[in-house]
Amino acid sequence: MSDLVSVTLTGPAKIGGIRKPAGTTVSVSTMLALQLAASGVINPELAQSLSDAVSATPLEHDFQAVVDAAVAERLAVLETKAAEDLNAAHERIAELERQLSEKAKPEAAKTAKAAKATTTP
């Protein structure tokens with residue numbers, strides 16, 4: 001695809017800082033033509049064909065591949081971090097349960113001694 005596309009304006013537009021009336025044919029970049037199409041000042045069929053042409057370029061495919069790879073990498077990092085955080089939480093829970101059971105043992109022994117002392121005459 002060439003760098004410039006010739007389009008006929010269906011409405012007034014400002015191109016390169018200069019106002020152009022409807023009916024004027026101008027040479028613009030593909031991206032500017034797509035912007036003009038989004039503004040509704042060029043033929044919609046031409047706009048669709050330009051959009052299709054841009055979508056079919058290897059550049060878009062390469063860009064999407066790079067984005068997909070970056071997303072996959074980020075997800076892997078997040079999954080690894082989540083797994084590490086989960087393991088750390090399980091270890092902390094186990095440690096707190098151990099501390100709780102150690103603290104409960106002396107209190108249970110005191111309670112047993114107190115009960116035995118009150119029941120013996």
Side-chain angles (χ1 to χ4, degrees):
M1 181 177 355
S2 74
D3 290 345
L4 294 180
V5 177
S6 200
V7 296
T8 301
L9 301 175
T10 58
K14 190 172 186 179
I15 300 172
I18 301 170
R19 294 196 182 277
K20 305 284 184 179
T24 304
T25 300
V26 293
S27 293
V28 295
S29 69
T30 304
M31 287 299 129
L32 182 54
L34 290 172
Q35 290 173 352
L36 292 170
S39 299
V41 294
I42 66 169
N43 184 333
E45 289 84 24
L46 174 62
Q48 184 60 48
S49 67
L50 288 171
S51 179
D52 292 344
V54 169
S55 295
T57 61
L59 178 62
E60 180 179 327
H61 180 267
D62 294 344
F63 177 77
Q64 189 61 45
V66 170
V67 169
D68 291 344
V71 167
E73 182 180 337
R74 182 69 178 142
L75 283 174
V77 168
L78 290 173
E79 288 172 353
T80 301
K81 176 75 171 119
E84 290 171 356
D85 290 349
L86 183 60
N87 287 338
H90 283 297
E91 290 172 7
R92 180 69 177 141
I93 290 169
E95 174 63 20
L96 291 171
E97 287 174 342
R98 185 189 59 75
Q99 290 175 4
L100 184 60
S101 69
E102 286 177 2
K103 190 169 189 152
K105 287 178 186 176
E107 290 178 11
K110 286 180 188 177
T111 305
K113 280 186 184 179
K116 189 175 185 181
T118 57
T119 57
T120 55

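Along the sequence shown, the residues carry numbers beginning at 1. Note: hydrogens, waters and symmetry copies are ignored here, and every other heavy atom, side chains too, is used. Here the structure is a predicted model, which is why all the values come from computation and not from measurement.
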Looking at every heavy atom in both [X] and [Y], which two are closest together, and how far apart are they?
X	Y	answer
Val41	Ala13	CG2-CB, 4.1 Å
Ala33	Val7	CB-CG1, 4.3 Å
Ser6	Thr25	OG-CG2, 3.4 Å

Out of curiosity, [X] [atom1] to [Y] [atom2], how far, rounded to the nearest 0.5 Å?
X	Y	atom1	atom2	answer
Leu86	Glu91	CG	CD	10.0 Å
Thr10	Asn43	OG1	CG	7.5 Å
Ile93	Leu100	CD1	CG	13.0 Å
Ile42	Leu34	CD1	CG	7.0 Å

- Kindly work out whether a path of hydrophobic side-chain contacts (I/L/V/M/F/W/Y, heavy atoms less than 4.5 Å apart) joins Val67 to Leu75.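 Same cluster: Val67 reaches Leu75 through Ile, Leu, Val, Met, Phe, Trp or Tyr contacts under 4.5 Å.
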
- Carboxylate-amine/guanidinium contact Arg98 Glu95, below 4.0 Å: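 Salt bridge: yes.
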
- Task: Return yes when atom CD of Gln99 has more than 12 non-hydrogen atoms of other residues, nucleotides or ligands closer than 6.0 Å, and no otherwise.
- Result: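 Count over threshold, so yes.
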
- Is a donor on one side and an acceptor on the other found under 3.5 Å between the side chain of Ser29 and the backbone of Leu4?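 Here the side-chain-to-backbone pair does not exist.
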
- Message: A side-chain contact here means heavy atoms from C-beta on lying under 4.5 Å apart; do Pro12 and Pro21 qualify?
- Response: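 In short, these two side chains do not touch, never coming nearer than 4.5 Å.
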
- Query: Considering only heavy atoms from C-beta outward, does the side chain of Ile15 approach that of Leu9 to under 4.5 Å?
  - Reply: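 A side-chain contact under 4.5 Å exists here.
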
